Protein chains: 2
Amino acid sequence: MADLADLAGVSKITVSRALADSPLVNIRTRTRVQELAREHGYKLNVSARNLRLRRSHTIAVIVEMKPSSDRTMWDPYPLTLLGGISQELTSAGYSVLLTTRQGSSAAAVQAADGVILLGQGVRQDAVRLYDKLGLPMVVWGAKSVGDSHVVVGSDNRHGGISVAERFVSIGRRHPVFIGNPDHPEIAERLHGFVDELARHNVKPLLMRRDEFTLSSGVDAVHSLSRRKARFDSIFACSDLLAMGAIRALVELGHQVPSDVSVVGYDDSPLGASFLPPLSSVRQNWQEGGMLLARKVLALVEGQPAESEMLPTTLVVRAT
Amino acid sequence: MADLADLAGVSKITVSRALADSPLVNIRTRTRVQELAREHGYKLNVSARNLRLRRSHTIAVIVEMKPSSDRTMWDPYPLTLLGGISQELTSAGYSVLLTTRQGSSAAAVQAADGVILLGQGVRQDAVRLYDKLGLPMVVWGAKSVGDSHVVVGSDNRHGGISVAERFVSIGRRHPVFIGNPDHPEIAERLHGFVDELARHNVKPLLMRRDEFTLSSGVDAVHSLSRRKARFDSIFACSDLLAMGAIRALVELGHQVPSDVSVVGYDDSPLGASFLPPLSSVRQNWQEGGMLLARKVLALVEGQPAESEMLPTTLVVRAT
DNA sequence: GCAAACAATGATATCGATAACTTGATATCG
DNA sequence: CGATATCAAGTTATCGATATCATTGTTTGC
């Protein structure tokens with residue numbers, strides 16, 4: 001920057017101001033400096049700027065990304081959220097520091113101005129871990145009472161309710177829930193589902209399955225059939241589970257949806273083009289990501305931010 | 001750090017050295033300082049360190065992430081690569097700056113020590129754009145002659161060859177290729193496929209399809225059938241395309257694999273649990289990500305790095 | 001017993017930008 | 001016409017760490 005200053009015949013500070021497009025600098029000097037900078041391929045040193053401003057203009061996004069067959073690997077979920085986040089942050093001049101929850105890369109995270117946590121972890125453990133950093137933090141997931149941090153998520157409870165309403169309205173009396181209620185989000189879905197059914201004196205069967213995979217869905221239905229359970233509808237906590245369930249039902253000679261109704265969750269493109277096209281609860285991830293980003297930015301700039309739940313809608317297709 | 005120095009009764013520089021575990025500092029002072037730092041929750045200022053060291057310990061990873069129905073959104077592809085990259089980088093003390101190719105977030109990228117580019121762009125445009133930054137760069141994709149930068153990818157040509165060999169060996173004479181050869185990687189697959197078939201005097205039919213979606217696969221087969229093309233085998237450039245193709249074939253009354261053999265690409269978990277289980281060309285993304293990371297790091301540290309292609313294997317299942 | 005080697009620590013300058021304050025020149029007003 | 005605003009640019013200090021060179025005491029070797 002000093003070199004540029006010499007070239008332009010002004011002082012460093014004027015260059016700094018000119019490049020920041022500050023009105024403190026005469027418009028002619030300003031453009032002259034900017035052009036010189038472009039010609040000579042001048043690149044601002046971001047570290048120096050960060051040091052002086054005590055801001056890194058960076059938000060750490062922490063993703064649970066296990067190299068397993070768990071959902072995070074190949075559901076649209078994380079990427080779509082990330083897309084929304086990244087879109088909103090870059091347009092605000094921030095960048096995304098991607099961190100996976102494995103080694104303690106805390107050193108890097110603490111340089112960020114704020115934290116977005118995708119997935120609370122099975123028992124809020126992730127939340128507690130990163131809360132210690134003392135940075136503005138926004139979490140994607142379910143809101144539980146007494147949370148100190150801001151939570152953005154979709155209205156899982158309402159998702160569960162809407163499926164229950166649907167099942168009741170088409171006369172189903174023996175519903176099954178497939179999923180892992182250790183995840184706070186899933187627990188919410190289950191509660192909504194159970195509560196709404198209870199209003200109609202229906203009690204669902206809980207098939208606990210930890211994985212969100214297709215084969216896990218297949219397995220759940222086989223297990224139901226083995227123990228001769230009576231059921232006429234299935235609410236699965238992901239589209240993959242639902243697709244697995246349908247496959248198993250078909251194999252066992254059941255008709256979908258005449259014998260058994262099935263509803264999935266996430267409304268993934270894959271589910272929509274499944275045969276038969278899957279009914280599913282839709283949540284808007286893109287929007288969710290953008291909201292997450294806006295909330296952290298608000299916190300970073302010292303403004304208040306409230307937790308918020310995005311609406312969910314039941315998309316009824318052929319199952 | 002100055003405060004810590006006062007607390008410990010030493011100078012700043014000794015604290016700095018102690019925290020870096022430098023042998024220049026007496027082992028007792030060193031541990032004393034480290035303990036004080038822990039007690040008082042001291043956090044190193046990363047920006048200051050970066051400024052002084054002229055290193056950000058950050059690698060920019062640039063992903064093409066369009067909010068469309070394009071493959072990148074819900075194939076396992078980017079996330080698995082990212083997983084490998086992130087794993088390798090964090091364990092080397094680097095962090096990942098995630099950038100999507102949309103707004104020119106060049107300001108942030110230029111702070112990185114190196115760049116990993118996922119996807120060359122349809123006509124190498126992305127490569128050229130980021131080459132200008134003058135940073136060490138490694139690209140995931142296909143190697144074309146005269147590339148100045150390091151390319152890591154899987155051996156797409158061999159992938160194509162292995163499918164051709166398979167088709168020939170089971171007596172197929174009328175193969176179809178479905179995909180978009182504008183992507184350099186896809187072009188390689190096509191060339192390998194065509195060349196190997198040519199050695200047996202077989203000429204495949206090219207069904208150009210730009211999208212990598214399931215419905216695109218359905219559509220390709222419908223189109224083949226409409227124009228009454230004669231074919232007995234299909235090589236689709238992604239598992240989704242292959243699954244779409246199979247669905248269309250079944251709808252049209254063809255038997256898979258007795259009438260028509262189908263092979264996909266990527267060996268995704270989804271394909272493996274498809275009905276019938278999909279034959280597919282496997283490439284190891286996790287490994288690819290790690291390799292990308294290792295190569296940039298080598299470049300960043302001034303060591304040479306060569307382009308490298310990972311092996312692919314044809315996994316024959318039921319199609 | 002004294003020079004040389006070594007170990008432990010410190011003083012200072014530096015990385016590259018920007019905030020806060022200051023200076024000088026010109027414009028505006030009663 | 002002098003006092004004050006306004007504008008444009010410059011001076012200096014600062015963000016928090018670390019490299020370089022300097023200093024002090026201690027040990028070793030002949």
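From a predicted model like this one, the values you see are computed outputs, not experimental measurements.
- Residue contacts for A:Arg54: at a heavy-atom cut-off of 4.0 Å it reaches the sugar-phosphate backbone alone, with no base atom in range.
- Between the P atom of C:dA13 and the CD1 atom of B:Ile13 lies a distance of 14 Å, rounded to the nearest Å.
- One interatomic measurement links the two molecules: NZ of A:Lys12 to C1' of D:dT14, which rounds to 11 Å at whole-angstrom precision.
- The six-membered or imidazole ring of A:His183 lies near that of A:Phe212, with a centre-to-centre distance under 6.0 Å.
- Here the P atom of nucleotide D:dC15 and the CZ atom of A:Arg55 are 17 Å apart, to the nearest Å.
- The existence of a salt bridge linking B:Glu306 and B:Lys295 is excluded, since no basic side-chain nitrogen approaches an acidic carboxylate oxygen closer than 4.0 Å.
- Along DNA chain C, the nucleotide nearest to A:Ser47 and the one nearest to B:Gly9 differ in position, and the one closer to the 5' end is contacted by B:Gly9.
- When both distances must be under 3.5 Å, the Watson-Crick or G-U wobble mate of C:dA25 is D:dT6.
- Positionally, the nearest nucleotide of DNA chain D for A:Ser11 lies more toward the 5' end than for the other of A:Ser11 and B:Met1.
- The CG atom of A:Leu24 sits 13 Å away from the C1' atom of D:dG10 (whole-angstrom rounding).
- The nucleotide C:dA19 finds its pairing partner in D:dT12, both defining distances of the Watson-Crick or G-U wobble pair being shorter than 3.5 Å.
- Residue A:Val25 is classed as a sugar-phosphate contact, given heavy-atom separations below 4.0 Å to backbone atoms only.
- Within 4.0 Å (heavy atoms only), B:Arg52 reaches at least one base atom of the nucleic acid.
- Contacts of A:Leu44 with the nucleic acid, taken as non-hydrogen atoms under 4.0 Å apart, involve only primed sugar atoms and P, OP1 or OP2.
- B:Thr29 comes within 4.0 angstrom of sugar-phosphate atoms only, judged by non-hydrogen atoms across all strands, and of no base.
- Look at B:Tyr42 and you'll find a side-chain N or O under 4.0 angstrom from OP1 or OP2 of D:dA17.
- Between B:Val61 and B:Ile85 there is a side-chain heavy-atom pair separated by less than 4.5 Å.
- Between B:Asn26 and the phosphate of C:dA8, there is a side-chain N or O to OP1/OP2 separation shorter than 4.0 Å.
- Nucleotide D:dA8 holds its C1' atom 13 Å from the CZ atom of A:Arg32, rounded to whole Å.
- A:Asn156 and A:Gln283 are not linked by any side-chain donor-acceptor pair at a separation below 3.5 angstrom, with hydrogens and angles left out of the test.
- Checking the phosphate oxygens (OP1, OP2) of D:dT18, a side-chain nitrogen or oxygen of B:Arg49 falls inside 4.0 Å.
- Side-chain to base pairing of B:Arg17 with C:dG10: one donor and one acceptor N or O lie within less than 3.5 Å of each other.
- Checked by atom type, the side-chain pair B:Asp113/B:Ser56 shows a donor-acceptor distance below 3.5 Å.
- Residues B:Trp285 and B:Leu81 share a closest heavy-atom pair of O-CD2, 3.6 Å.
- Taking atom NE2 on B:His57 and atom P on D:dT18, their separation rounds to 10 Å, with Å as the unit.
- If you measure from atom CG of A:Leu4 to atom C1' of C:dT18, you get 16 Å, rounded to the nearest angstrom.
- B:Asn45 places its CG atom 6 Å from the P atom of D:dG16, with the value rounded to the nearest Å.
- Residue B:Ser16 has no polar side-chain atom (N or O) positioned under 4.0 Å from OP1 or OP2 of D:dA17.
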